[in-house]
Structures are given as structure tokens and as C-alpha cells.
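Numbers restart at 1 for each chain; the letters A, B, ... are given by sequence-line order, proteins then strands.
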Amino acid sequence: MPAVTEQEILAGLGEIIEEIVGIPAAEVTPEKSFIDDLDIDSLSMVEIAVAAQDKFGVEIPDDELRNLKTVKDVINYVQNLSGATKA
Amino acid sequence: MSGTDDTGTARLRLPEAVPGSRILAFGDYQPARVVTNDDLAQRMDTSDEWIRTRVGIVERRIAAEDETVADMAVHAGGKALAGSGLSPDDIDLVVVATCSAETTVPSNAATVAHRLGIRAPGAFDLNAACAGFCYALAAADSAIRAGNARNVLVVGAEKMSQWVDWTDRSTAIIFADGAGAAVVTGSSTPGIGPVVWGSAGDQAHRIRIKDRHSFLVQEGQAVFRWATTAIAPVAEAACRRAGISPQELAAFVPHQANLRIVESIARRLKATNAVVADDIVRSGNTSAASIPLALARMIERGEVASGAPALLIGFGAGLTYAAQVIQIP
């Protein structure tokens, strides 16, 4: 698949999170923690992972999902697995 | 009359096929006892807020100690039969979808038929867990179109409460009891669309009752992921096969597993004009009963017009799933 930049993943994640949990995409910034800052619970994280899979073509299994605490963690995970280059 | 040709090969005759089938009426039944989230919070480590945000349930109905799956099936079946305008003598097949019956022998269907005054119908129980009602509806539709039955009573009835560990907060807050039924008849135009069904036996261990002395256990997060991933494409396929676009649906009635799953599937399906069933809020997860229960009450409240298309989709232990578009009676 074509390389995705960090900015593209961040924008995509923002859209997903806004649609699923109703938090404005602009509030989704790399340093935010899903649980502590965005108040997103484990079931919503599963939905976000499923939507991210559709959008970026990268599967995030439950075992991996547990370790992804911040928005930046997800960006890194997706970039590593999609073989993307840094913007 | 000769049933074989001159080489001794059987020549069988088939009844004339019927073009379609349709639902004449729904019926519902819920036990009297209401159990609120606060009631549960007194027995286990949970809270009203936790239950509402995680599964969307506010209260559920739990059957009396001596109230059986067959009792509830008779209530719902009787109501559907009365609404259909048919008499018990018109029914020649009874299917009860259940996974929580007190006994496996005898099945419930023959008993339910007898108690409703239906004489000598074909009768069987069907276990596809929470997908059971859609499987049973497909069986009824197929039997009618093949000419093997004229009028079918389809019931989904469950007493999940007797298989739940009332100290396990991962299941006790979810499951509940109830029954829903539909009367299906032959029709010159189809009122039940093609079923899209399937299973994922590799994930059988995710929802199970080990043996008759055990309680139901569920891997909640894995099931949630499966339901939010695999089910929307099945829903889309059922629409496609029936020739109805998701935007044309007047109602979307998925199995009431968890409000979060219902909302997630609805969002992915983009059935923007459909009333989405949220009966779980007051009824809990009643497995095979949830779809007919939700539909009966939607129709009773006048939320969907007669003749309008509604998409039903059941999914659950097995893992199994089944979906079809129906015409609202």
C-alpha cells in the first residue's frame, strides 16, 4: 500500500474518534492518552481499532491494543506495519 | 401409479412451489419481574452507570422460578396467532428457537403447539443461540416456498437467567428472559428476503456453557470485536440479496446483544432512514427472543409502517449469524 504520513494517520484517527465517541477531531493530538485524556474505554478502543483497520489496512489485535496508550502509540504502530515513511 | 422408472430408479413428485412467504403478525411476552441495575449492584461489584455505559441496559425482565421457556413461548405464540387472524388448525409447522431450555428431551415446539391447540403440526426446536430467530424464520420461509408447510409459527424464547452465574458481572448484567413470535404464511410476492447465514466454529469457545451443571461464560471483548467487524458486511449482503439499499430500510433490528454493538453496526451499515431497535435498554439481551420482541414493540408503538422493509440480523454463540430483509406486516 502507498506510504501514509504521520499527519495523514493523525487526521484519519481524529475522524474515526470523532465519529465513534464524538470527541472533536481537533482534540485528538499525539500526546493524548486514550483513557486519561480522552476518556475512551476499552470497548470504544476495539471499535477504533476496527475502524483503523478499515482505513489504514493495518490489523491491531486485542493483545497489541492493550499496549497502545496514546494517540502517538497508534500512529507509530500503524506506520511501522504499513511500512510508511515519516513526513 | 408407478414411483419408479423401468430401471428401478425412484421418480419422486414434489409439491408445487409457492412464490414467497410473508409475516402476518408478531407477538411478544416478557416476565413480570423487573430487575434494575441498582438491584444488581446490591449483589455484585457493579453500578448503574457502569452498566449503562458498557452495555446500554437500564433494566431487564427475569422469569419467575417456575416459569419455563415453553410458558413464555406459549404467551408470545398465542399473541402472534391471535394477531394473524388464523386459527390453530391452520398452523402446520411450529419452530421454537432457543438455547436455554430446561430440558433437551422433549423439545419445546411440540408442547408449545399442543398448549396452543395446534393439532399435530411438524414441530422442532432450533439452536442457533442469539441468531436463532433469523435461522427459524429462514427455515419457515423455505418450508413454505417448497410446499412443505402452509402456515408456520416461529417462536424465539429464552430463559437465560437459569444459565447465568448471578455473581459474574460480565454476564449477569447482560442476559435476560422473554419470548417473541411470528406467524408466517405463503404469499404471491415475497415478504421475507433471502437469508444470508453462516458461522465461525473456530471461535466456538468464545461463548459457551460447558455442560448442564455450568454457567454461560463469554469472552466479552473478543465477541465485541467479532460483532463490530464481521456483522455489518453480513447485513449489507442481506440487503443486496433482497435488492434493497440500506438507505431504503425503514427499520434495522439487530439482535439486542449490547447497545454499543447495535450502534456500531448501524453506523457502519449507514441505514440513515431506518429506526434502529434499542429494545435492549428495557429488555436486556434475550438471545433468540430479542429480535421478535423488539419488532413486535416497534410495530405496536407505530414506529414502522405496514409493508415497509426491515432488516433483521441475529448473531451469537456458535459463533453463528443470519440476516434477512422482511416486509413489516
Considering only heavy atoms, which portion of B:R54 lies under 4.5 Å from any heavy atom of chain A: side chain, backbone, both, or neither?
both
Heavy atoms only, distances under 4.5 angstrom: which of A:V50, A:D41, A:D54 has the most pairs with chain B? Name it, please.
A:D41
Looking at B:F224 and A:V46, what are the two nearest heavy atoms and their distance?
CD2-CG1, 3.7 Å
Enter the distance from B:R260:CZ to A:E47:CD here, rounded to the nearest 0.5 Å.
6.0 Å
Hey, could you give me the CD/CZ distance between A:Q53 and B:R225, rounded to the nearest 0.5 Å?
7.0 Å
A:A49 portion near chain B, given a 4.5 angstrom heavy-atom threshold:
side chain
Taking atom CG of B:D39 as the centre, report whether more than 12 heavy atoms of other residues, nucleotides or ligands fall under 6.0 Å from it.
yes
